[in-house]
Amino acid sequence: MAEIASAHFGVISYEEADLLHFSSGLPAFESERTFAAVRKVETAPFVFLQSLSSPELAFITLPVECVAADYEAVLSAEDAAQVGLAGDVGAAAGLDVRCLVIVTVPESGLPTANLLAPVIWNRTTGAAVQAIRPEPGYSASHPISRAVEATPC
Amino acid sequence: MLILRRRMGESVLLGDDIEIEVLEVAHGRVKLGIKAPPEVSVLRKEIQEAAAHNLAAARAVANGCLRRLMDTLRCSPAARR
């Protein structure tokens with residue numbers, strides 16, 4: 001058990017199994033390699049990704065199934081290799097793979113989730129990547145409030 | 001927008017020192033080779049868009065959006081039902 005003093009969520013305790021290791025960071029945050037996934041009862045089903053190197057950097061995310069039940073994550077060969085998958089998350093039988101979408105809360109208007117760039121997290125190894133989907137069909141600003149309330153996840 | 005037709009192996013020049021060559025065309029995809037000075041940023045557009053969304057998401061967290069998010073969800077029509 002280790003702890004980090006987050007600038008936004010107070011002191012967070014985490015275990016090795018809660019860590020996401022991004023071998024090349026995230027777009028705009030290329031030097032941020034390790035995040036802890038934090039879930040709190042009072043803010044479920046949201047999952048916070050707290051940077052271990054920058055206490056002030058955190059993302060609010062949701063498991064994609066809370067936002068889009070029939071979501072299909074398609075990974076490029078490079079992204080799949082980074083998280084140790086064969087290119088199709090659905091085919092990764094036996095591995096604990098999570099798909100989180102990053103939430104943006106605008107000053108006004110509905111919060112949105114970025115379905116075009118999901119975070120794929122292989123919990124078996126801790127390897128994670130933000131997979132950028134060039135294929136259209138999903139929105140980078142998918143409104144979430146009703147979906148989260150309506151979906152048990 | 002300037003529109004040009006190019007075949008495999010042909011190039012387009014941008015200014016004096018940027019060259020974009022069509023290396024391969026197959027199955028609805030184009031493989032491009034780009035020669036540019038190191039100070040010129042070359043990005044797939046979707047990466048730049050993901051970067052902009054990540055920055056906005058992180059900025060909202062830094063501005064204390066978590067409480068607003070929870071309030072929005074509690075006040076949403078779905079939550080009141």
Side-chain angles (χ1 to χ4, degrees), chain A residues 6-9 24-30 32 40 42-46 48-51 54-62 76 101-119 130-136 139-141 143-151, chain B residues 1 3-4 6 8 12 14 18 20-81:
Chain A
S6 161
H8 312 293
F9 310 121
S24 45
L26 292 86
F29 299 97
E30 284 78 9
E32 299 285 346
K40 295 183 173 185
E42 63 271 26
T43 51
F46 290 94
F48 306 124
L49 299 187
Q50 171 63 52
S51 162
S54 306
E56 71 285 357
L57 177 63
F59 294 103
I60 299 172
T61 74
L62 276 171
S76 69
V101 288
I102 295 180
V103 174
T104 299
V105 186
E107 288 292 330
S108 60
L110 288 177
T112 62
N114 185 354
L115 300 191
L116 273 184
V119 171
Q130 188 173 15
I132 316 293
R133 309 173 54 119
E135 298 88 358
S139 167
S141 302
I144 60 165
S145 75
R146 290 171 194 221
V148 171
E149 295 295 337
T151 315
Chain B
M1 185 187 288
I3 298 173
L4 299 169
R6 298 274 70 187
M8 233 186 276
V12 171
L14 304 182
I18 299 175
I20 301 173
E21 182 181 349
V22 178
L23 298 176
E24 193 182 306
V25 183
H27 312 297
R29 296 183 145 207
V30 181
K31 186 190 267 187
L32 301 174
I34 299 165
K35 285 184 205 150
E39 67 272 17
V40 173
S41 159
V42 179
L43 276 180
R44 290 189 288 153
K45 186 177 177 186
E46 60 269 23
I47 300 278
Q48 191 186 36
E49 288 168 347
H53 276 97
N54 284 350
L55 282 169
R59 198 177 311 122
V61 174
N63 290 340
C65 73
L66 186 59
R67 180 176 297 275
R68 197 163 70 245
L69 174 64
M70 292 303 142
D71 289 346
T72 304
L73 296 184
R74 283 194 200 99
C75 296
S76 72
R80 267 190 245 121
R81 271 202 298 272

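Proteins get letters first, then strands, A, B, ... in listed order; numbering begins at 1 in each.
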Exercise. Is the A:F48 ring parallel, tilted or perpendicular to the A:F9 ring (thresholds 30°, 60°)?
Worked result: parallel

Problem set entry | B:Q48 atom CD, over 12 foreign heavy atoms within 6.0 Å | no

Problem set entry | N/O donor-acceptor pair under 3.5 Å between A:N114 side chain and A:I102 backbone | no

For this session: Could you tell me whether a side-chain N or O of A:S54 sits under 3.5 Å from a main-chain N or O of A:E56, the two making a donor and an acceptor?
Result: no

Problem set entry | Engaged part of A:A7 at the chain B interface, taking heavy atoms whose separation is under 4.5 Å | neither

Problem set entry | Among the listed options B:N63, B:L55, B:V61, the residue most often paired with chain A at heavy-atom distances under 4.5 Å | B:V61

Exercise. Among A:V103, A:T43, A:L57, which residue forms the greatest number of heavy-atom pairs with chain B at distances under 4.5 Å?
Worked result: A:T43

Exercise. What part of A:I60 gets closer than 4.5 Å to chain B, counting heavy atoms only: side chain, backbone, both or neither?
Worked result: both

Exercise. Pick from B:A60, B:A62, B:A50, B:A51: which one has the most heavy-atom pairs with chain A under 4.5 Å?
Worked result: B:A51

Problem set entry | Heavy-atom contact with chain B under 4.5 Å, split by part of A:Q130 | side chain

Problem set entry | Per-residue contact mode, A:A117 against chain B (heavy atom under 4.5 angstrom) | side chain

Exercise. Of all heavy-atom pairs between A:Q50 and A:S6, which one has the smallest distance, and what is that distance?
Worked result: OE1-OG, 2.7 Å

Exercise. A:P106 and A:G109: which non-hydrogen atoms are nearest, and at how many Å?
Worked result: CG-O, 3.9 Å

